[in-house]
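Since the structure comes first, as structure tokens, the remarks are kept for the end.
The model shown is predicted, which means the values in this text are computed figures rather than measured ones.
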Amino acid sequence: MTQAVDAGKQRFQRYREMFYNLDPSTLAVDLRSMMSADCAIRLAHPLGDCTGPASFHEDVIAPLLHAIPDLERRDYIVIGGEQQDGVWIGCGGYYTGVFERPWLDIPPTRHLVAIRFMEFFRLVDGMIQTARLLWDIPSLMMQADAWPMGPSLGVDHFAPAPATQDGIVQSANATTSAASLKLVEDMIAGLERFADGGPEAMDLTQFWHPKMNWYGPAGIGSNRRLSGFRNWHQIPFLSAIPDRRANIDAPGYDCYFGDGDYVAYCGWPAITATVTGDGWLGIAPAGQRITMASLDFWRCENGVLRENWVLIDLLDIWRQLGVDVMKRMREVTFARQGVDFQT
């Protein structure tokens, strides 16, 4: 691992501490000390995109703090890699606190909640120039009993930290990092063979541990063992969009790197596909062309993949299909919103 990556991780520690010991009175200044004025920030639907620390603070963080005044950040994965455009830091964890007021019209629970996140940051000369922040907003809807769409095929539960408790990597062996990246690359190459040869052509048993865990987003759910992954995610997913292609080294690709036993991928969008079959999210197969923002972390163990954390911007997929999930949620929960319902 290069000195630049290690230095980037050390610098990024300040950002993590900023949101762990969050002080609303100094947050705007703190963000300016970490983010460039033209920092390009992408967030999950319906939050959208913003530019610079001022907009991020006023339009994104301040409303969330209003809803969860004791907001606190917890990271259980922090890894880094050097790409042509700078040092990238990938993080996985959750924001937590008491959900006291509505946020995005999601009704408050007035109890402890957790919003899972996967976030990627590009640092140049110690400043964040790019941010890709995918927050599992459907999981908060579920915690608030406000999810208006179909049930997950997998299990919606809180995705845990790595089993080995070593996800915050300070520095890593370059040989190990390269081997981890090669393993994931070979596995992804196998996935791409599905379109030509079906499930058998992917030969997943050579890449995954028999007790693998796949931690998917709320709305899809998590699974254990290849049988669970295949039955409750992969088969419905590939049956619905058999032509899906990853955008690695294509428009939408941001970063892809190994760091010790961990591998990270950030693509916004990461996948392009056509919905031509039934069975995934209850989506009608009407030939819609869609893109997916998808972020991944993998953990390798003894030459195979043991854990995989995945977030997908499902609300944006519904948006592309012409379904306003937020509007439907407001209709489902209008009696709890404290406002008049408009017919």
* To do: May I have the step-by-step check of side chain to side chain contact (heavy atoms under 4.5 Å, CB included) for K9 and V169, ending in yes or no?
  => CA-CA 9 Å; K9 291 177 184 176; V169 180; 3.8 Å; yes
* Would you sort out whether M326 and D105 count as a side chain to side chain contact (heavy atoms under 4.5 Å, CB included), showing the intermediate values? => CA-CA 8 Å; M326 307 308 292; D105 288 334; 5.9 Å; no
* To do: Give the C-alpha distance, both sets of side-chain angles, the deciding distance and a yes or no for side chain to side chain contact (heavy atoms under 4.5 Å, CB included) between Y95 and V113.
  => CA-CA 8 Å; Y95 293 98; V113 294; over 6 Å; no
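Under the salt bridge (Lys or Arg N to Asp or Glu O under 4.0 Å) criterion, R74 pairs with E72, not counting sequence neighbours. The side-chain contact (heavy atoms from CB on, under 4.5 Å) check on L133 picks up I41, L43, F56, E119, F121, A131, W135, with sequence neighbours excluded. Take D136 and apply the side-chain contact (heavy atoms from CB on, under 4.5 Å) test, not counting sequence neighbours, and it matches R116, P138, S139, P217, A218, L311. Residues satisfying the salt bridge (Lys or Arg N to Asp or Glu O under 4.0 Å) test with R319, not counting sequence neighbours, are D316. Residues forming a salt bridge (Lys or Arg N to Asp or Glu O under 4.0 Å) with K211 (at least two apart in sequence, or on another chain): none. D85 is linked by a salt bridge (Lys or Arg N to Asp or Glu O under 4.0 Å) to R122, counting only residues two or more places apart in sequence or in another chain.
Legend: salt bridge (charged side-chain N to carboxylate O under 4.0 Å, His left out) pairs involving residues 24-40, not counting sequence neighbours, sorted by first then second residue: R14-D30. Among residue pairs with one or both ends in residues 214-223, those qualifying as side-chain hydrogen bond (donor to acceptor under 3.5 Å, both in side chains) are N213-Y215, W214-N308, Y215-E307; sequence neighbours excluded. Applying the salt bridge (charged side-chain N to carboxylate O under 4.0 Å, His left out) test to every pair with at least one member in residues 149-160, sequence neighbours left out, gives no pairs at all. Applying the ring pair (Phe, Tyr, Trp, His ring centres under 6.0 Å) rule to pairs touching residues 18-47 yields Y15-F19, sequence neighbours excluded. A salt bridge (charged side-chain N to carboxylate O under 4.0 Å, His left out) check over residues 267-279, counting only residues at least two apart or in different chains, returns nothing.
Summarising the hydrophobic clusters (Ile, Leu, Val, Met, Phe, Trp, Tyr; side-chain heavy atoms under 4.5 Å, direct or chained), the residues clustered with M127 are none.
Within 6.0 Å of CG in N302 there are 12 or fewer heavy atoms belonging to other residues, nucleotides or ligands.
Between S294 and V310, the closest heavy-atom pair is OG-CG1, 4.2 Å. A pairwise comparison of heavy atoms in S177 and G258 identifies CB-O, 3.6 Å as the closest pair.
One N or O on the side chain of Q320 and one on the backbone of T291 form a donor-acceptor pair closer than 3.5 Å.
The side-chain contact (heavy atoms from CB on, under 4.5 Å) test with I137 singles out one residue from L315, L314, I115, and that residue is L315.
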